[in-house]
Amino acid sequence: MDIKEQLKIIKRKTVEVIKEEELLDLLKTGKPLRVKLGIDASGPDIHLGFAVVLRKLREFQDLGHKAVLIVGDFTGKIGDPSGRSKTRPQLTDEEIKKNIKKYSYQIFKILNPDRTEFRCNSEWLDKLTAADIVNLSSKYTVARMLERDDFSIRYKKNKPIAIHELLYSLFQAYDSISIKADVELGGTDQTFNFVTARDIQREFGQQPQVVITMPLLEGLDGKLKMSKSYNNYIGISEPPKEIYGKIMSLPDNLIMRYYELTTDLGNGELKKIRNRLKSGENPRNLKASLAYRVVSMYHSEKEAKAAGEEFTRIFKKKGLPEEIPIHKVKAKKIWIVKLLTEAGLASSNSEARRLINQGGVTVDGGKLTDESYELEIKKEVIIKAGKRKFAKVIPS
RNA sequence: GGGGAGGUACCCAAGUGGCCAAAGGGGGCAGACUGUAAAUCUGUUGGCGAAGCCUUCGGAGGUUCAAAUCCUCCCCUCCCCA
C-alpha cells in the first residue's frame, strides 16, 4: 500500500504522533514495524476505553506490522512494596500465567494472533543488577520526572511520591529498549512515559520510538476516563445485555464521542448521526443503535438483537427478563427481608429493609411496603428489587 | 537529627469528652418524572428480625460513668530547618 495512504490510516482518530516524519521514514523502509503496547499483569477486564488503543493496534497489524504486547509482570510480581496502592497486589507466576490467558481470550477478539508477540518484562528486568539500575537512573533527573503531570500535581499538593514510582517510569522505558520498539501506542495519559522512553533510548544508542497517543474514552459517569478503578467501565467480554444496558445508561452528551471512539464508522456516517441528533431525533434511538453495534462487535448481531429486545421489554414495557435467576426456598413461610438477602437481591438485611421502605420491592408485580411481611411459599413467585434485579422464588 | 502540621466511613472532608453510626460534598442505591439504566427532583447510604445491642474515626494500651475527641507508646504522610 502507498505510504501516504498508510500514514493516513495510522493517523485516523489519534491525538498525537511524535514525530510524524520519523514514522514516515520508518514506513518507507517497508519493514514490518514493532509496535509496543504495555498491558497490566493483574489481568483486569478489557474495556471499551482500552479497546480504542487495541483497535488502533489492529490497524497496524492489518498494514503488516507486528504488535508486541508487554505484560508488566515484573511490577506485578513485586506489587507495590510500600503497600500504598491496593490496586497493585503481589502476583505469583501462576496467577500471571492465568491472567495472560484470560487476557488473550479478550485481546484476540480484536487483535490478529498471527501478528502478535506476547512478552513479559520480567524477562529482562529480572536480570538488571543494582549497577544497571543505577546506570539507568543516572540517565534522567528528578526535575524532569516531576514535569509529569501526575507527579507534579501530587508534589504540589504535598502528596507522597515514592521513589519506586519514579523507577517504574524508567523501567517502562527500558522495556522499549529491550524489545526494540519502533512505535509505542497508548492513551494520552501515557504520553510522559512514552516520551521519556525516547530520551532513554537515545541514551542507549537506540533509535527513539515513535509515540502515538489515542484519546481517553470517558466512562459511564461521563466525567472521568474509563477505568476499572473508577468502576465506570464497559468490559468487552461482559454479557451482551450488560454491554447493551450500560451503553443505554450513557449520558446523552457522550453519544457522539462513543460513536467516534468505539465504532469503526467513517466520517461520512458519523456526520449523518450527528445531524440526526441535531435535528431532534430521540437520543434513545441513537443510543440503541450504538449499543447494537458495540454488542455485535464483541459478541454477535444475533445476541445484540436479543439484548435490545430484552432492554425494551424490561425498561420500556417494565416487563420481565427472559431468564430470571431461580431461588429455592424450603420453608413454607419466609420473612421477606431474609428472602431478599438470601436470593442475592440485597447485600444485607439492612439494605433489604431500605429497599422495601423505599418502595423498590414488588412481589408478582405488587408493591410491598411492610418490612416484616412473611411471604408464604406455595407457588412460584417473582420478586423484583429495584429496576434491574429479579428472582424467581420457587418452593422446594 | 531538630521543629511544625496531619491520618475520620467507598472517596474528599467537618467534628477536639456525652446531643456521634459521626455535618457537608462526591459516588452508590431507591422513588418520582421520562425518551432510557439520559437529564432533573426527592429520599436513602455500617451490621444484627422491635426496644436495644455489636463493630467502626492510623495501631496498641490507659484515664473516665462516658473517648473520634484526654494521656502514654508505636506506625505512616507532608512541610520547614540541618
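Each chain gets a letter, A, B and so on, in the order the sequences are listed, and its residues count up from 1.
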Write down the distance between [atom1] ([X]) and [atom2] ([N]), rounded to a whole number of angstrom.
X      : N      : atom1 : atom2 : answer
A/L220 : B/rG27 : CG    : C1'   : 13 Å
A/D221 : B/rA37 : CG    : P     : 19 Å
A/Y258 : B/rA38 : OH    : P     : 14 Å
A/K157 : B/rG6  : NZ    : C1'   : 16 Å
A/I336 : B/rG49 : CD1   : C1'   : 13 Å

Nearest-nucleotide pick for [X], side chain only, options being [options]:
X      : options                : result
A/L355 : B/rA30, B/rG46, B/rA37 : B/rA30
A/S350 : B/rU36, B/rA37, B/rG47 : B/rG47
A/K367 : B/rC48, B/rA37, B/rA32 : B/rA32
A/K316 : B/rC48, B/rU36, B/rC79 : B/rU36
A/K223 : B/rG27, B/rU77, B/rA50 : B/rG27
A/P283 : B/rA37, B/rU36, B/rA38 : B/rU36
A/R284 : B/rG31, B/rG35, B/rG49 : B/rG35
A/N158 : B/rC78, B/rA37, B/rA38 : B/rC78

G-U wobble or Watson-Crick pairing nucleotide for [N] (cut-off 3.5 Å, both distances):
N      : result
B/rG18 : B/rC65
B/rA82 : none
B/rA30 : B/rU42
B/rG24 : B/rC12
B/rG52 : B/rC48

What's [X] touching, base or sugar-phosphate or nothing? Going by heavy atoms closer than 4.0 Å.
X      : value
A/L250 : sugar-phosphate
A/G245 : base
A/N282 : base
A/E374 : base

Are [X] and [Y] close enough for a salt bridge, meaning some N to O gap below 4.0 Å?
X      : Y      : answer
A/R119 : A/D175 : no
A/R55  : A/D62  : no
A/K139 : A/D199 : no
A/K98  : A/E95  : no

Does any N or O donor sit under 3.5 Å from an N or O acceptor when you compare the side chain of [X] with the base of [N]?
X      : N      : result
A/E351 : B/rG28 : no
A/Q358 : B/rG31 : no
A/R354 : B/rA30 : no
A/N357 : B/rG43 : no

Could you measure between the two [atom1] atoms, the one in [N] and the one in [M], and give it in whole Å?
N      : M      : atom1 : value
B/rA13 : B/rG6  : C1'   : 13 Å
B/rC54 : B/rU63 : C1'   : 24 Å
B/rC48 : B/rU40 : P     : 33 Å
B/rA68 : B/rG15 : C1'   : 8 Å
B/rG24 : B/rU8  : C1'   : 14 Å
B/rG43 : B/rG62 : C1'   : 43 Å
B/rA30 : B/rU16 : P     : 36 Å
B/rG49 : B/rU56 : C1'   : 22 Å

(message) I want to check a possible cation-pi pair here: A/K66 against A/F60, using under 6.0 Å from ring centre and within 45° of the ring axis as the test.
(response)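 No, A/K66 does not sit over the ring of A/F60.
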(message) Can you see whether A/F151 has A/R148 sitting over its ring - NZ or CZ less than 6.0 Å from the centre and within 45° of the normal?
(response) yes
(message) Students often mix this up, so state it plainly: with edges at 30° and 60°, are the rings of A/Y140 and A/F192 parallel, tilted or perpendicular?
(response)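 Ring orientation of A/Y140 relative to A/F192: perpendicular.
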(message) Would you say the base of B/rG49 stacks on A/W335 (centre-to-centre below 5.5 Å, plane angle below 30°)?
(response) yes
(message) Under the rule for side-chain hydrogen bond (donor to acceptor under 3.5 Å, both in side chains), what residues qualify as partners of A/R284, not counting sequence neighbours?
(response)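 Partners of A/R284 under the side-chain hydrogen bond (donor to acceptor under 3.5 Å, both in side chains) test: none.
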(message) Looking at A/S249, I'd like to know whether one of its side-chain N or O atoms comes within less than 4.0 Å of OP1 or OP2 on B/rU36.
(response)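 Checking A/S249 against B/rU36: no side-chain N or O falls below 4.0 Å of OP1 or OP2.
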(message) Quick check on B/rA50: is either OP1 or OP2 less than 4.0 Å from any side-chain nitrogen or oxygen of A/R353?
(response) yes
